[in-house]
Engineer: 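Below is the structure I would like to discuss, written out as structure tokens.
Sequential numbering from 1 along the given sequence is applied to the chain's residues. None of the values given here were measured: they were computed from a predicted structure.
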Amino acid sequence: MRPRIGVTCGSGGEDGSFTLRPQYVEAVARAGGLPLLLPATEDVPAEAVLEAVDGVLLTGGGDVDPDWYGEEPRVVNGQINPVRDRFEIALCRAALRAGRPVLGICRGAQVLNVAAGGSLYQDLAREMGTSLQHAQKAPGWYGTHKVTVQEGTLLWRLVGATTLRVNSFHHQGVREVAPGFTACAHAADGVVEAIEGAGPAWALGIQWHPERSYKVNSPEFGLFKGFVEACRAARAQQA
């Protein structure tokens, strides 16, 4: 049986419709998982949501409210969604407590870091001083800058490479890595491009968008395959 992968959704528009790029669903399904969409809600406890899935994929989207990591919003901070923040952070924390696999992509990596006790740069260019283009103007599937992957890490085992050329669509990023996590990939300017749990639990956050590029950058498909296999193992342990 395919492991059940909970995929979080955004929301937008005047009617608050839930939104999700189809590439997330396609990547999970191709890797052997059963994607189940998780719309942000305040009416269902995170633990109840977690009962329905074997792992959680935190997807991309807007900025995380800096109040979650003890800062006031600066003029560079973008649009926030309080309901989505509360839902995803609670769900992420519940998954980490339960030892369920978590994969965070772009915003999802930032949510993972904040949920576990880390902090963010509200704007990389102004606060870190980088001139590297992290919000690319190239097509979404095209990698525009390199990241260096630390050997021996989970990420390194999944992609089988020490360097990747990745696509990039963000202006925020990890500042302080959360306790119990380690930075496992960096851009040339020092920006943390990936974090992973230092313990036995499977938890990985990546700042780029492999769901949009894995078809042309095949090593990145290993991220989804490894995640789905970890969810499969988690399902077996619950049986």
Engineer: Under 3.5 Å, side chain of R157 to main-chain N/O of G152, donor-acceptor pair present?
Structural biologist: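 Side chain of R157 to backbone of G152, a donor-acceptor pair under 3.5 Å: yes, one is there.
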
Engineer: Less than 4.0 angstrom from a charged side-chain N to a carboxylate O is my criterion; do R107 and D85 meet it?
Structural biologist: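 Salt bridge between R107 and D85, a charged N being under 4.0 Å from a carboxylate O: yes.
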
Engineer: Do Q172 and H170 have side-chain atoms, one donor and one acceptor, less than 3.5 Å apart?
Structural biologist: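 Q172 vs H170: no donor-acceptor pair found between side chains.
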
Engineer: With side chains defined as the heavy atoms from C-beta onward, is the minimum distance between R232 and M1 less than 4.5 Å?
Structural biologist: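 Side chain of R232 against side chain of M1, heavy atoms only: no contact under 4.5 Å found.
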
Engineer: Looking only at non-hydrogen atoms, find the nearest pair between A187 and L132 and report the distance.
Structural biologist: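 Minimum heavy-atom separation between A187 and L132: CB-CD2, 3.9 Å.
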
Engineer: Under 4.5 Å between side-chain heavy atoms, hopping through other hydrophobics if needed: is there a path connecting L103 to V49?
Structural biologist: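 Unlinked, L103 and V49 end up in two clusters.
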
Engineer: Just wondering, more than 12 heavy atoms not from E42 lying within 6.0 Å of its CD?
Structural biologist: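 Enclosed.
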
Engineer: State, with a plain yes or no, whether a side-chain heavy atom of V192 is found less than 4.5 Å away from one of H186.
Structural biologist: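 Answer yes - side chains close enough.
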
Engineer: So do the side chains of T8 and R84 get within less than 4.5 Å of each other, counting heavy atoms only?
Structural biologist: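 Answer yes - side chains close enough.
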
Engineer: Can you measure from CG (L50) to CG (L91) and round to the nearest 0.5 angstrom?
Structural biologist: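 Separation between the atoms: 6.0 Å.
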
Engineer: Just so I know, are the side chains of Y121 and R126 near enough to count as touching, which here means a heavy-atom distance under 4.5 Å?
Structural biologist: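 Sidechains of R126 and Y121: no contact.
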
Engineer: Got H209 and R21 here, is their nearest side-chain heavy-atom distance under 4.5 Å?
Structural biologist: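 No. Closest side-chain heavy atoms not under 4.5 Å.
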
Engineer: Do you know which two heavy atoms are closest between F169 and G140, and how far apart they sit?
Structural biologist: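 Nearest pair, atom of F169 first, then G140: CZ-CA, 3.5 Å.
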
Engineer: Minimum heavy-atom separation for Y24 to G60, with atom names?
Structural biologist: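 Closest approach of Y24 to G60: OH-N, 3.0 Å.
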
Engineer: Walk me through it: do L124 and H171 pass the test side chain to side chain contact (heavy atoms under 4.5 Å, CB included)?
Structural biologist: CA-CA 6 Å; L124 293 169; H171 78 106; 6.0 Å; no

Engineer: If I compare all heavy atoms of F181 with all of A116, which pair ends up nearest, and what's the gap?
Structural biologist: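 Heavy atoms of F181 and A116 come nearest at CE1-CB, 3.6 Å.
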
Engineer: Is it true that atom CZ of R93 has more than 12 heavy atoms of other residues, nucleotides or ligands lying nearer than 6.0 Å?
Structural biologist: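 Check passes, neighbour count above 12.
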
Engineer: Would you compute the distance between atom CG of N167 and atom OG1 of T144 and round it to the nearest 0.5 angstrom?
Structural biologist: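 Separation between the atoms: 7.5 Å.
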
Engineer: Is it the case that the side chain of R165 and the backbone of N217 share a donor-acceptor pair, with hydrogens and angles ignored and the cut-off at 3.5 Å?
Structural biologist: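 No, because the side chain of R165 does not come within donor-acceptor range (under 3.5 Å) of the backbone of N217.
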
Engineer: Can you tell me how far CG of L112 sits from CG of L204, rounded to the nearest 0.5 angstrom?
Structural biologist: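 The CG atom of L112 is 8.0 Å from CG of L204, to the nearest 0.5 Å.
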
Engineer: Could you please spell out the steps behind the side chain to side chain contact (heavy atoms under 4.5 Å, CB included) verdict for I89 and V111?
Structural biologist: CA-CA 6 Å; I89 288 174; V111 169; 4.0 Å; yes

Engineer: Is it the case that atom CD in E72 sees more than 12 heavy atoms from other parts of the structure closer than 6.0 Å?
Structural biologist: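 Incorrect, the count does not exceed 12.
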
Engineer: Ignoring hydrogens and angles, tell me if any N or O in the side chain of R2 forms a donor-acceptor pair with the backbone of A29 under 3.5 Å.
Structural biologist: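 Yes, R2 side chain to A29 backbone: donor-acceptor pair under 3.5 Å.
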
Engineer: Is there a path of hydrophobic side-chain contacts, each under 4.5 Å between heavy atoms of I/L/V/M/F/W/Y residues, joining L96 to F87?
Structural biologist: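 Same cluster.
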
Engineer: As a quick check of understanding, evaluate side chain to side chain contact (heavy atoms under 4.5 Å, CB included) for E88 and V64, giving each step before the final call.
Structural biologist: CA-CA 10 Å; E88 291 189 346; V64 178; over 6 Å; no

Engineer: Indicate if L155 and F227 have the same hydrophobic cluster label, given that clusters are the connected sets of ILVMFWY residues with side-chain heavy-atom separations under 4.5 angstrom.
Structural biologist: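 Looking at the clustering, F227 is in the same group as L155.
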
Engineer: Search all heavy atoms of I206 against all heavy atoms of A194 and return the closest pair with its distance.
Structural biologist: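 In this case the closest contact between I206 and A194 is CG2-CB, 3.9 Å.
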
Engineer: Between atom CG of D63 and atom CD1 of I80, what is the distance when rounded to the nearest 0.5 Å?
Structural biologist: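 Rounded to the nearest 0.5 Å, the CG-CD1 separation comes to 8.5 Å.
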
Engineer: What is the distance from atom CD of E176 to atom CG of L120, rounded to the nearest 0.5 Å?
Structural biologist: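 Nearest 0.5 Å value for the CD-CG distance: 10.0 Å.
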
Engineer: Among T59, V7, I5, exactly one meets side chain to side chain contact (heavy atoms under 4.5 Å, CB included) together with L37. Which residue is that?
Structural biologist: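 It is V7; the other options fail the test.
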
Engineer: Same cluster or not: W156 versus V159, using hydrophobic residues (I, L, V, M, F, W, Y) connected whenever any side-chain heavy atoms lie under 4.5 Å apart?
Structural biologist: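 Yes, one cluster joins them.
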
Engineer: With a 3.5 Å cut-off and no angle check, do the side chains of H145 and D189 form a donor-acceptor pair?
Structural biologist: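 Not at all, the side chains of H145 and D189 share no donor-acceptor pair under 3.5 Å.
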
Engineer: State, yes or no, whether a side-chain contact exists between R86 and W68 at a heavy-atom distance under 4.5 Å.
Structural biologist: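 They are in side-chain contact.
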
Engineer: Quick one: does Y69's side chain get under 4.5 Å of Q122's, heavy atoms only?
Structural biologist: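 A side-chain contact under 4.5 Å exists here.
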
Engineer: Indicate the atoms forming the closest heavy-atom contact of P219 with L164, along with that distance.
Structural biologist: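 Result for this residue pair: CB-CD2, 4.3 Å.
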
Engineer: So if you build clusters from Ile, Leu, Val, Met, Phe, Trp, Tyr with side-chain heavy-atom gaps below 4.5 Å, do L57 and Y214 land together?
Structural biologist: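 Per the 4.5 Å side-chain linkage, L57 and Y214 are co-clustered.
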
Engineer: Is the closest side-chain heavy-atom distance between M128 and H134 below 4.5 Å?
Structural biologist: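 No - every pair of side-chain heavy atoms lies 4.5 Å or more apart.
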
Engineer: Answer yes or no: does atom CZ of R74 have more than 12 heavy-atom neighbours from other residues, nucleotides or ligands under 6.0 Å?
Structural biologist: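 Enclosed.
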
Engineer: Can you list the steps and then say if V56 with R100 is a side chain to side chain contact (heavy atoms under 4.5 Å, CB included)?
Structural biologist: CA-CA 8 Å; V56 175; R100 302 285 176 83; 5.8 Å; no

Engineer: Can you measure from CZ (R97) to SG (C92) and round to the nearest 0.5 angstrom?
Structural biologist: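 One finds 10.0 Å between CZ of R97 and SG of C92.
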
Engineer: Does any N or O in the side chain of E193 come within less than 3.5 Å of the main-chain N or O of A185, such that one atom is a donor and the other an acceptor?
Structural biologist: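 Pair absent, no side-chain N/O of E193 close to backbone of A185.
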
Engineer: Under 3.5 Å, side chain of N113 to main-chain N/O of A178, donor-acceptor pair present?
Structural biologist: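 Yes.
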
